Amino acid sequence: MNYEREISNLLRRLGVNNSYVGVRYTIYGVTRTAHDPTLLAYISKGLYVDIAVHYQTSTGCVERNIRTLINTIWLHGDRKLLNEIFNFELSQKTPQRGIY
């Protein structure tokens with residue numbers, strides 16, 4: 001299965017494009033967790049480290065860019081598609097700064 005293409009298409013449908021650095025990090029991270037689900041046990045100390053090493057950046061940079069991507073989807077994304085993905089209606093409240 002071509003995870004990269006599927007994830008990229010889903011992110012595009014949710015309302016973000018490839019200009020966000022977090023898109024590349026997210027695609028790589030989801031692909032890695034599909035092959036090794038144990039990376040989700042410690043996201044900050046497992047998955048983010050793996051992504052940071054792959055892209056030769058810091059874990060803080062990875063976390064910030066993925067958080068920006070999530071925030072963009074939450075604020076401007078396709079709400080109907082989000083509800084469909086999660087199989088229930090998500091709150092319209094804007095997340096508090098720093099809480100995700």
Side-chain angles (χ1 to χ4, degrees):
M1 178 176 214
N2 188 343
Y3 290 112
E4 292 88 0
R5 183 180 300 152
E6 293 294 324
I7 299 161
S8 179
N9 288 339
L10 178 59
L11 290 172
R12 195 173 305 110
R13 288 178 53 210
L14 283 169
V16 294
N17 59 41
N18 290 338
S19 66
Y20 289 92
V21 176
V23 168
R24 287 179 289 176
Y25 296 164
T26 300
I27 291 170
Y28 179 78
V30 172
T31 302
R32 289 288 297 130
T33 56
H35 296 294
D36 183 6
T38 61
L39 288 169
L40 292 175
Y42 300 99
I43 292 176
S44 295
K45 295 183 180 183
L47 181 60
Y48 287 174
V49 171
D50 190 353
I51 296 168
V53 167
H54 180 78
Y55 286 99
Q56 299 177 352
T57 190
S58 69
T59 56
C61 182
V62 169
E63 191 268 338
R64 181 179 59 252
N65 282 287
I66 291 175
R67 187 176 62 235
T68 298
L69 184 71
I70 291 168
N71 196 43
T72 300
I73 291 169
W74 185 259
L75 294 175
H76 308 290
D78 184 339
R79 180 65 56 175
K80 185 176 177 183
L81 180 56
L82 275 174
N83 291 336
E84 185 180 322
I85 290 168
F86 288 102
N87 201 27
F88 65 90
E89 186 141 347
L90 299 168
S91 170
Q92 290 288 349
K93 286 185 176 181
T94 303
Q96 295 177 2
R97 186 177 179 102
I99 300 175
Y100 296 94

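The analysis underlying the following values was restricted to heavy atoms, covering all of them including side chains, and did not include hydrogens, waters or symmetry mates. Source: prediction; values computed, not measured.
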May I have the step-by-step check of side-chain contact (heavy atoms from CB on, under 4.5 Å) for T31 and H35, ending in yes or no?
CA-CA 7 Å; T31 302; H35 296 294; 4.0 Å; yes
Does the side-chain contact (heavy atoms from CB on, under 4.5 Å) test come out yes or no for L10 and L81, once each step is laid out?
CA-CA 9 Å; L10 178 59; L81 180 56; 4.2 Å; yes
Evaluation steps, side-chain contact (heavy atoms from CB on, under 4.5 Å), between R13 and D78
CA-CA 7 Å; R13 288 178 53 210; D78 184 339; 5.9 Å; no
Starting from the C-alpha separation in whole Å, work towards a yes-or-no answer on side-chain contact (heavy atoms from CB on, under 4.5 Å) for T57 and V62.
CA-CA 7 Å; T57 190; V62 169; 3.8 Å; yes
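In this structure, N2 and E4 approach most closely via the heavy-atom pair OD1-OE1, 3.1 Å.
Side-chain polar atoms of R64 and T68 form no donor-acceptor pair below 3.5 angstrom.
Applying the side chain to side chain contact (heavy atoms under 4.5 Å, CB included) criterion to T26, with sequence neighbours excluded, gives L11, V30, I66, L69.
Looking at R79, its side chain does come within 3.5 Å of a backbone N or O of W74 through a donor-acceptor pair. Checked by atom type and distance alone, the side chain of D36 never pairs as donor or acceptor with a backbone atom of R32 at under 3.5 Å.
Between the CD atom in E6 and the CD1 atom in I27 there is a gap of 11.5 Å [rounded to 0.5 Å]. N87 CG to E84 CD: the interatomic distance, rounded to the nearest 0.5 Å, is 9.0 Å. Taken from CZ in R12 to CG in N18, the straight-line distance is 6.0 Å, to the nearest 0.5 Å. In this structure, H76 NE2 and N71 CG are separated by 7.5 Å, a value rounded to the nearest 0.5 Å. How far CD1 of I70 is from CG of L75: 11.5 Å, rounded to the nearest 0.5 Å.
Under the 4.5 Å side-chain contact rule for hydrophobic residues, I73 and I85 share a cluster. V49 and L39 are members of different hydrophobic clusters when ILVMFWY side chains are connected at heavy-atom separations under 4.5 Å.
For Y55, the OH atom sits in a packed shell: over 12 heavy atoms of surrounding residues, nucleotides or ligands are nearer than 6.0 Å.
Results of the ring pair (Phe, Tyr, Trp, His ring centres under 6.0 Å) test with H54 over Y48, Y25, Y28 single out Y28 as the only residue that passes.
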